[in-house]
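Okay, structure first, notes after.
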Protein chains: 2
Amino acid sequence: MSARKLTPTSYAVLGTLDGAPGTSYDLVQRIGLTIANFWIFSHAQLYDEPARLEEAGYLTSVTEEGGRRRRTYTITEAGRAELHRWLHEPTPGHTEVRDPGLLKLFFADMGDRTAVAALARDQREAHADRAAMYTHLHRTVASLMTPAQAATLDLGIRMERTIADFWDELLAGLGTRPDPASERDP
Amino acid sequence: MSARKLTPTSYAVLGTLDGAPGTSYDLVQRIGLTIANFWIFSHAQLYDEPARLEEAGYLTSVTEEGGRRRRTYTITEAGRAELHRWLHEPTPGHTEVRDPGLLKLFFADMGDRTAVAALARDQREAHADRAAMYTHLHRTVASLMTPAQAATLDLGIRMERTIADFWDELLAGLGTRPDPASERDP
DNA sequence: GAAGGCATGTAATGAGTTACATGATTAT
DNA sequence: ATAATCATGTAACTCATTACATGCCTTC
C-alpha cells in the first residue's frame with residue numbers, strides 16, 4: 001500500500017476496470033480494441049501495472065484455484081476515488097505525436113525525390129487505411145461505446161485524415177509523376 | 001562496438017549530429033526546438049544515447065581536457081550509413097497520439113457536463129495556442145529549416161488545428177453557452 | 001563577490017519491451 | 001490425437017525519468 005505517482009498506464013487500467021472486473025488478458029483485449037488506437041500499452045505492461053495498483057490499494061484480486069490460476073482484478077473504492085480525482089484535475093502535458101514516418105521526414109533530404117516520394121506514398125496509404133478502418137469501426141460499433149469513447153474514435157478519424165492529406169499534398173508538391181519504379185494508379 | 005537494435009531515439013541523435021558535431025547539451029537545444037514538438041526526449045536520454053551510439057561505433061567523441069570536460073560527438077561513416085539505411089527502409093509502426101486529454105475523455109462520463117466542458121475548454125485553448133505558436137515559428141524561422149523540417153512543422157500546425165477544432169465542436173455539442181465560470185445546464 | 005541561472009553530467013529508480021514458457025481450446 | 005492458436009504469465013533486459021550534483025558565467 002505504498003504511495004507512488006500514477007502514470008497514464010495506471011489510469012488506463014483503472015478506467016478500464018471501472019465498471020467491470022477483469023483479468024490482465026481482458027485488459028489486453030479491451031484496451032487493444034480501443035485505447036491502443038492512439039496509445040499503445042504492451043501486453044506485459046498490462047500484467048505488471050495491475051500488480052502495482054493492487055500493491056497500492058487501488059485494486060484487489062482473486063486468483064483462480066485450479067488450472068491457469070487466473071487473476072481477476074476489481075477496482076476498490078480508493079481506486080475509483082483516484083480515478084475520479086484524476087478525471088477532474090487539470091490536464092497537464094502536451095500531445096505527442098510519435099510517428100516514425102514523421103521522424104524520418106524530418107531528416108529526409110528533399111533532394112532525394114525517390115526516397116521521399118516512397119515514404120510519402122507508404123504513409124499516405126497507411127493513414128488512409130487507418131482512417132477507413134476507424135470509420136468502419138465507428139459505423140459498426142459506436143452504439144456499443146459510451147459517447148465519450150465514440151468521440152475519441154471520431155478524433156482518431158480526423159487525425160488520420162489530416163495526416164493522410166498531409167502526405168498526399170506533400171507527394172503532389174514533389175511534382176511526382178506516377179513514378180517509374182513502383183507506381184499504382186495511372 | 002556491440003550490435004544492438006536502434007530506437008527512434010538513436011535516429012533522432014544520429015540525424016541531429018549528421019552535418020554538425022555537438023555535445024549532448026547541443027542535442028538538447030537542437031532537438032528541443034524542433035523534434036520535441038512532436039516527440040519528446042528527456043535531457044538524460046540525450047546524454048545516455050550518444051554514449052551507447054559511440055559504443056556501437058556510430059559516433060566518436062572528444063572530451064575537453066580542462067574544466068567541464070565537455071564531450072563533443074561526431075558521426076562516423078558507419079553512423080551515416082546506418083542513418084541512410086534507415087531513411088530508405090520501409091517505415092513500420094503506427095502513429096501514436098499520446099494525449100493525456102484524450103485519455104481522460106475516453107473515460108469521461110458525458111453526463112458530467114461540467115467536468116467534460118472544463119476539459120474541453122482547457123484542451124481547446126492549449127491546442128489553439130500551440131497551433132498559433134507553430135504558425136508563428138513557421139513564419140519566422142522556416143527559412144532556417146530544411147524544406148523537410150518545415151514540412152513537419154506544417155503537419156504539426158494541421159494536427160493542432162484538427163485537435164483544437166475537435167474540442168471546440170465537442171464543447172458546442174454539449175450545449176455550452178460562453179460560460180460563466182462553471183455552470184450546469186439550464 | 002554573491003546570487004542566480006545556464007551548462008553538463010551521473011546515479012538511482014522505475015517503467016516498458018522482448019523473449020521465453022507453458023496451459024487450454026479449437027479445428028481438422 | 002495432433003497441430004495450431006489463444007490465453008496467461010514471468011524473467012531478463014533495455015530504456016526513460018527523476019533527482020541530484022556541481023562547474024561556469026553573467027549581472028548587479
Side-chain angles (χ1 to χ4, degrees), chain A residues 2-14 16-17 21-33 35-36 39-56 58-59 61-73 92-94 96 98 100 103, chain B residues 2-14 16-17 21-33 35-36 39-56 58-59 61-73 92-94 96 98 100 103:
Chain A
S2 49
R4 136 187 114 93
K5 219 169 66 217
L6 301 187
T7 66
T9 312
S10 316
Y11 294 109
V13 169
L14 283 178
T16 303
L17 291 175
T23 65
S24 283
Y25 194 79
D26 292 334
L27 288 172
V28 172
Q29 300 308 113
R30 295 185 205 163
I31 291 181
L33 288 171
I35 298 175
W39 199 321
I40 293 171
F41 302 99
S42 77
H43 139 106
Q45 268 178 282
L46 300 177
Y47 281 84
D48 291 348
E49 186 62 25
R52 287 177 211 139
L53 289 171
E54 179 171 24
E55 162 74 16
Y58 298 126
L59 301 176
S61 71
V62 293
T63 303
E64 221 179 40
E65 269 315 309
R68 290 181 225 205
R69 308 189 51 69
R70 259 180 293 195
R71 216 168 300 150
T72 300
Y73 293 98
H94 95 239
E96 276 188 76
R98 297 194 176 186
L103 187 61
Chain B
S2 50
R4 136 187 115 94
K5 217 167 70 217
L6 300 187
T7 66
T9 312
S10 315
Y11 294 109
V13 168
L14 283 178
T16 303
L17 291 175
T23 65
S24 283
Y25 194 78
D26 292 334
L27 288 172
V28 172
Q29 299 308 113
R30 293 185 206 163
I31 291 180
L33 288 171
I35 300 173
W39 200 321
I40 292 171
F41 303 98
S42 77
H43 139 105
Q45 271 178 281
L46 300 178
Y47 281 84
D48 291 349
E49 186 62 26
R52 288 177 212 138
L53 289 171
E54 178 171 24
E55 163 73 16
Y58 298 126
L59 301 176
S61 72
V62 291
T63 304
E64 222 180 37
E65 269 314 310
R68 291 182 224 206
R69 307 189 52 71
R70 258 180 293 196
R71 216 168 301 149
T72 300
Y73 292 97
H94 95 239
E96 275 188 80
R98 299 196 175 183
L103 186 61

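Chain letters run A, B, ... following the sequence lines, proteins first and then strands; every chain starts at 1.
Between A/Glu96 atom CD and C/dG16 atom P the separation is 13 Å, expressed in whole Å. The separation between B/Leu6 atom CG and D/dC15 atom C1' is 14 Å, rounded to whole Å. Distance, A/Ile40 CD1 to D/dC15 C1': 17 Å, rounded to whole Å. Between the CZ atom of A/Arg70 and the C1' atom of D/dA7 there is a distance of 8 Å, rounded to whole Å. With rounding to whole Å, B/Leu46 atom CG is found 13 Å from C/dT8 atom P. Rounded to an integer number of Å, the gap from OH of B/Tyr25 to C1' of D/dT22 is 15 Å. What separates CG of A/Asp26 from P of D/dT8 is a distance of 7 Å, to the nearest Å. Distance A/Gln29 CD to D/dG9 P: 13 Å, rounded to the nearest Å.
Not counting sequence neighbours, the partners of B/Tyr11 by the ring-ring contact (aromatic ring centres under 6.0 Å, His included) test are B/Trp86. Taking the salt bridge (charged side-chain N to carboxylate O under 4.0 Å, His left out) definition, one finds that A/Glu96 meets it with A/Arg98, sequence neighbours left out. The side-chain contact (heavy atoms from CB on, under 4.5 Å) test applied to A/Thr16 returns A/Leu27, A/Arg30, A/Ile31, A/Ile35, B/Phe107, not counting sequence neighbours. Residues satisfying the side-chain hydrogen bond (donor to acceptor under 3.5 Å, both in side chains) criterion with A/Thr7, sequence neighbours excluded, are A/Ser10.
Within the structure, every side-chain polar atom (N or O) of B/Ser24 is placed at least 4.0 Å from both OP1 and OP2 of C/dT8.
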Side-chain atoms of residues 39-46 of chain B: list all donor-acceptor pairs with protein atoms under 3.5 Å, sequence neighbours left out, distances to 0.1 Å.
from    : atom 1 : to      : atom 2 : distance (Å)
B/Ser42 : OG     : B/Gln45 : N      : 3.4
B/Gln45 : OE1    : B/Ser42 : N      : 2.9
B/Gln45 : NE2    : B/Thr9  : OG1    : 3.4

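Contact of the B/Pro100 side chain with the A/Pro8 side chain is not registered, since no non-hydrogen atoms from C-beta on lie closer than 4.5 Å.
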- Can you check each nucleotide of nucleotides 10-15 of chain C against protein heavy atoms at under 4.0 Å and return B for base, S for sugar-phosphate only, - for none, in 5' to 3' order? B----S
